[in-house]
Amino acid sequence: MVKVKGALAFAAVLFAGCVGAEQPPETTIRKNIEARLGATAKVESVTATPYGGLYEVRIGNEIIYTDKNADYLFIGNVFNAKTSQNLTKARTDELNKIKFSDLPLGLALKTVKGNGERVIAIFEDPNCGYCKKFRQTTLRQADNITVYTFMYNILSPDSFVKSTNVWCSADRNKTWDDWMLSGKVPPTAAKKCDTPNEKVVELGQRLRIEGTPAIFFADGTRFAGMVDIKTLEAKLATIKK
């Protein structure tokens, strides 16, 4: 998955220049980081942490850290030395949670295996190799699960063509599985139909989905990227029914 990009992709950065003495640290941090990193950084929030005077800076789905004057940036994870808990990951997961019930599931394909009691939503591009591998391995082994698939076309114009032909086919789930599992190209739809393509792209952007597959669970948490069946089952086991 895409992580902090461009000018942020380094372990520590020294910023030169003066900071406003009268401004609160949060204001100074936001102003200086956005001014000095430009288009690569849109600061969404700045929060003081209990970690040695560091401030948490949220940029997209990522968290980085800085001092109160924004003289330095620290890229990486903060761990609790006593418990070994990854505090950065826990915080990132919390910030990126959604309300699952708010997902417009009518824009997705729906597949039910077994009793379907466990529910996930996946954003996939039809031309995403990792999405195909996830379906061919992990999802094939999962049972008693309901899967909502949002066709999230971000890789190429051809992705829109394939998604349109899937959505307008007589059997959407079969056409999708034929392509993702067996490589059978979706045939051109016999007739045009209204597709949710643009709405799904807008939804994915609002949810800050930067790559596929992106997996959302009933508790609102997400996985970025494909996972194996052991990891998926372990996660599903933590969710209360």
Side-chain angles (χ1 to χ4, degrees), residues 1-4 47 49-51 56 58 60-63 76-126 128-152 154 172-174 176-177 179-182 200 203-241:
M1 292 298 296
V2 178
K3 296 298 181 182
V4 180
T47 308
T49 78
Y51 323 139
E56 168 196 294
R58 184 183 184 187
N61 289 335
E62 304 296 327
I63 287 175
N77 295 313
V78 174
F79 288 83
N80 184 314
K82 294 181 179 179
T83 66
S84 296
Q85 180 188 13
N86 187 331
L87 300 175
T88 301
K89 183 180 184 305
R91 177 66 172 152
T92 300
D93 288 347
E94 183 64 27
L95 288 173
N96 289 325
K97 284 182 71 172
I98 66 166
K99 188 175 180 180
F100 194 91
S101 60
D102 285 346
L103 288 175
L105 300 180
L107 305 181
L109 308 178
K110 180 182 179 181
T111 304
V112 180
K113 295 180 67 177
N115 61 28
E117 64 181 359
R118 305 181 300 175
V119 182
I120 62 173
I122 311 173
F123 284 72
E124 297 179 308
D125 186 293
C128 165
Y130 287 109
C131 300
K132 293 176 183 178
K133 186 175 180 180
F134 177 68
R135 285 191 171 265
Q136 292 165 1
T137 56
T138 305
L139 277 189
R140 264 185 168 168
Q141 300 176 69
D143 199 9
N144 297 328
I145 190 169
T146 298
V147 180
Y148 290 96
T149 301
F150 291 88
M151 294 182 287
Y152 185 46
I154 58 175
R172 295 168 181 169
N173 287 330
K174 183 179 184 304
W176 180 252
D177 283 345
W179 167 243
M180 299 297 281
L181 300 179
S182 305
V200 173
L203 173 64
Q205 291 172 344
R206 289 200 304 273
L207 296 177
R208 301 185 182 90
I209 300 174
E210 299 174 345
T212 54
I215 309 161
F216 289 83
F217 298 90
D219 64 356
T221 58
R222 71 176 78 184
F223 280 170
M226 72 160 289
V227 294
D228 58 24
I229 186 62
K230 182 178 179 180
T231 302
L232 179 66
E233 289 289 351
K235 172 60 182 178
L236 289 171
T238 69
I239 300 174
K240 296 180 180 180
K241 298 175 179 145

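This one's a predicted model, so the numbers in the text were calculated from it and none came from an experiment.
- Atom OG in S182 sits 11.0 Å away from atom NZ in K132 (nearest 0.5 Å).
- With rounding to the nearest 0.5 Å, the separation of OG1 in T111 from CG in N173 is 4.0 Å.
- K89 and E94 are not joined by a salt bridge, as no carboxylate oxygen comes within less than 4.0 angstrom of a charged side-chain nitrogen.
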Verdict with supporting geometry, F216 and Y148, ring-ring contact (aromatic ring centres under 6.0 Å, His included): CA-CA 10 Å; F216 289 83; Y148 290 96; over 10 Å; no

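- To the nearest 0.5 Å, atom CG of residue N86 and atom CG of residue N80 are 10.5 Å apart.
- Going from atom CD1 of I98 over to atom CZ of R208 covers 12.0 Å, rounded to the nearest 0.5 Å.
- Listed for the T231 side chain is no donor-acceptor partner under 3.5 Å among the backbone atoms of V227.
- One N or O on the side chain of D125 and one on the backbone of I154 form a donor-acceptor pair closer than 3.5 Å.
- Between the side chain of R140 and the backbone N or O of R135 there is no donor-acceptor pair closer than 3.5 Å.
- Between F123 and L203 there is a side-chain heavy-atom pair separated by less than 4.5 Å.
- M180 has its side chain within reach of C131: a pair of non-hydrogen atoms, C-beta onward, lies under 4.5 Å apart.
- A donor-acceptor contact shorter than 3.5 Å links the side chain of W179 to the backbone of P126.
- Considering all non-hydrogen atoms of both residues, G204 and Y152 come closest at C-OH, 3.4 Å.
- Using a 4.0 Å cut-off between charged nitrogen and carboxylate oxygen, K235 and D219 count as a salt-bridge pair.
- The backbone N or O of E124 lies less than 3.5 Å from no partner atom in the side chain of T212, so there is not a single donor-acceptor pair.
- Closest heavy-atom contact between A121 and L103: CB-CD1, 3.9 Å.
- A donor-acceptor distance shorter than 3.5 angstrom exists from the side chain of N144 to the backbone of N115, with no hydrogens or angles considered.
- A donor-acceptor distance shorter than 3.5 angstrom exists from the side chain of T88 to the backbone of V78, with no hydrogens or angles considered.
- The minimum heavy-atom distance between A214 and I209, with the atom names listed, is CB-CG2, 3.7 Å.
- Contact between L207 and R222 at its shortest, heavy atoms only, is O-NH1, 2.8 Å.
- Of the candidates T47, T92, N96, N96 is the only one forming a side-chain hydrogen bond (donor to acceptor under 3.5 Å, both in side chains) with R58.
- Side chains of L87 and F79 form no contact here, defined as non-hydrogen atoms less than 4.5 Å apart.
- I145 is listed as a side-chain neighbour of L236, based on a closest heavy-atom distance under 4.5 Å.
- The two atoms that bring Y130 and P213 nearest to each other are CB-CD, 3.9 Å, heavy atoms only.
- Between the side chain of R118 and the main chain of D143, a donor-acceptor pair closer than 3.5 Å is present.
- Here the side chain of Q141 pairs a donor or acceptor atom with the backbone of T137 at under 3.5 angstrom.
- Residues I122 and F134 meet the side-chain proximity criterion, which asks for heavy atoms closer than 4.5 Å.
- Between K97 and D93 there is no salt bridge, since none of the side-chain N atoms of the basic residue sits less than 4.0 Å from a carboxylate O of the acidic one.
- The closest donor-acceptor contact from the side chain of K113 to the backbone of L139 lies under 3.5 Å.
- Contact detail for F100 and I120: the closest heavy-atom pair is CZ-C, 4.1 Å.
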CA sep, side-chain torsions, deciding dist, call: R91, I63, side chain to side chain contact (heavy atoms under 4.5 Å, CB included): CA-CA 8 Å; R91 177 66 172 152; I63 287 175; 3.3 Å; yes

